[in-house]
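Take a look at the structure set out below.
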Amino acid sequence: MPRQCLDVDNDNDLRIKMCIKPTAEDFTTIHHELGHNFYQRAYNKLPLFFRDSANDGFHEAIGDTIALSITPEYLKKLNFIDKTPDASKDIGLLLQKSLEKVAFLPFGLMIDQWRWKVFSGEVKPDQYNKAWWDLRLKYQGVAPPEDRPDAQFFDPGAKYHVPANVPYTRYFLADILQFQFHARCRKPPGVRGRAELRCTAARFMGARMPGRS
């Protein structure tokens, strides 16, 4: 089931539709979805036409900015861990984050490349699957383990956003914007590098909204 953040009544009835399990992935996801909720609450008193983000990527990036702050310091504040690892252990956290974020960029671009080619008619129905794997090879260097003929397979349909007709460039843009947002959120002056990530995360919990004095 796709995870969704819902503004039910355009006022204060904000909900998250998600089957949650006690895993690190779902813990991160719920922070992302709550980022959507708090953003919706921030603009819910504006005229109806302005109750949305500047663009779809902006909204996704707000959620991802919140999720970026799940660091050992934050987990220690929640009493999820007994001790915060020293700075020498940060390299593992940063490598994991880079594998998650950098590797996503070609995939995030490829989805809408395929959708646009389909909508424009450049890719015909009898070439949907071939075009999908051609783009995956071009942008990700990934190929199927065996032949996937169009007469039998429609692999793009395995990605929820394709049959649901959800534009995917939003996630590509969010993958970049979230780090720009995160860098500006309560960053202590003069702090750089790994210490910047740690200090920013530690200051998020209970802090004022960014941009307010």
Side-chain angles (χ1 to χ4, degrees), residues 1-5 16-33 35-36 53 55-71 89-183 194 197:
M1 175 184 293
R3 297 147 179 178
Q4 289 183 296
C5 175
I16 293 173
K17 185 182 76 172
M18 176 181 172
C19 296
I20 303 176
K21 297 180 180 179
T23 64
E25 180 182 357
D26 279 0
F27 185 69
T28 300
T29 300
I30 199 66
H31 280 71
H32 171 89
E33 300 301 339
H36 284 301
S53 58
N55 61 60
D56 291 342
F58 201 99
H59 218 301
E60 295 297 333
I62 294 292
D64 283 339
T65 300
I66 304 302
L68 276 178
S69 293
I70 300 176
T71 63
K89 304 297 191 299
D90 282 356
I91 190 67
L93 173 67
L94 295 174
L95 282 173
Q96 185 274 332
K97 192 60 64 177
S98 66
L99 286 171
E100 175 189 340
K101 299 296 183 179
V102 176
F104 172 81
L105 286 170
F107 180 71
L109 179 64
M110 185 274 298
I111 297 289
D112 267 0
Q113 286 286 318
W114 182 87
R115 293 177 69 251
W116 295 337
K117 289 176 183 293
V118 168
F119 292 151
S120 70
E122 179 181 343
V123 172
K124 307 302 181 185
D126 61 350
Q127 299 175 323
Y128 282 173
N129 220 48
K130 180 182 182 302
W132 174 263
W133 284 107
D134 286 348
L135 287 169
R136 293 207 66 179
L137 183 61
K138 176 182 178 180
Y139 288 104
Q140 296 183 275
V142 175
E146 59 184 17
D147 190 33
R148 308 285 290 176
D150 279 273
Q152 294 178 259
F153 300 101
F154 180 63
D155 293 322
K159 180 60 178 170
Y160 163 80
H161 300 74
V162 171
N165 195 29
V166 177
Y168 212 75
T169 301
R170 66 177 69 183
Y171 302 104
F172 176 81
L173 293 173
D175 216 41
I176 300 169
L177 290 172
Q178 62 188 268
F179 291 97
Q180 297 175 344
F181 293 168
H182 196 268
R194 287 182 294 174
L197 176 64

For this session: Give the minimum heavy-atom separation between Arg148 and Pro144, together with the two atoms involved.
Result: CG-CB, 3.6 Å
Problem set entry | Ring centre gap for Phe154 and Trp132 strictly below 6.0 Å | no
Problem set entry | Atom of Phe104, atom of Phe172 and distance for their closest heavy-atom approach | CE2-N, 4.1 Å
Exercise. With a 4.5 Å limit on heavy-atom distance, are the side chains of Lys159 and Phe107 in contact?
Worked result: yes
Exercise. Is there a donor-acceptor contact under 3.5 Å from the side chain of His32 to the main chain of Thr28?
Worked result: no
Exercise. Taking all atoms of both residues into account, what is the closest heavy-atom pair of Leu68 and Lys97, and its distance?
Worked result: CD2-CD, 3.9 Å
For this session: Report yes or no: does Asp150 contribute a side-chain atom to a donor-acceptor pair with the main-chain N or O of Asn129 at less than 3.5 Å?
Result: yes
For this session: Return the set of residues passing salt bridge (charged side-chain N to carboxylate O under 4.0 Å, His left out) with Lys124 (not counting sequence neighbours), or none when no residue passes.
Result: none
Seminar exercise, completed: For Gly35 and Ile66, the nearest pair of non-hydrogen atoms, with its separation, is CA-CG1, 3.9 Å
For this session: Might you point out which heavy atoms bring Asp64 and Ala174 nearest each other, and give the distance in Å?
Result: OD2-CB, 4.0 Å
For this session: List for me each residue that meets side chain to side chain contact (heavy atoms under 4.5 Å, CB included) alongside Pro106, sequence neighbours excluded, and say none if there are none.
Result: Tyr139, Gln140
Seminar exercise, completed: Smallest heavy-atom separation, Leu173 atom then Gly57 atom, equals CB-CA, 4.3 Å
Problem set entry | Partner residues of Pro167 under the side chain to side chain contact (heavy atoms under 4.5 Å, CB included) criterion, sequence neighbours left out | Asp112, Arg115, Arg170
Exercise. Hey, what do you get for OG1 (Thr29) to CD1 (Ile20), rounding to the nearest 0.5 Å?
Worked result: 9.0 Å
Seminar exercise, completed: With sequence neighbours left out, the residues meeting salt bridge (charged side-chain N to carboxylate O under 4.0 Å, His left out) with Lys130 are Asp134
Exercise. Heavy atoms, side chains only, cut-off 4.5 Å: are Trp114 and Val162 in contact?
Worked result: yes
For this session: Would you check if Thr65 and Leu177 make a side-chain contact, meaning some heavy-atom pair closer than 4.5 Å?
Result: no
Seminar exercise, completed: Hits for salt bridge (charged side-chain N to carboxylate O under 4.0 Å, His left out) against Asp175, two or more places apart or cross-chain, chain-then-number order -> none
Problem set entry | CE on Met110 to CD on Gln113, rounded to 0.5 Å | 9.5 Å
Problem set entry | Any side-chain heavy-atom pair of Val142 and Trp133 under 4.5 Å | yes
Exercise. Is there side-chain contact between Arg136 and Asp155, with at least one heavy-atom pair below 4.5 Å?
Worked result: no
Exercise. Hey, are the side chains of Thr169 and Trp116 touching, using non-hydrogen atoms and a 4.5 Å cut-off?
Worked result: yes
For this session: Calculate, to the nearest 0.5 Å, the distance between atoms CD1 and CD1 belonging to Ile16 and Ile30 respectively.
Result: 4.0 Å
Exercise. Who are the side-chain hydrogen bond (donor to acceptor under 3.5 Å, both in side chains) partners of Lys101, not counting sequence neighbours?
Worked result: Gln178
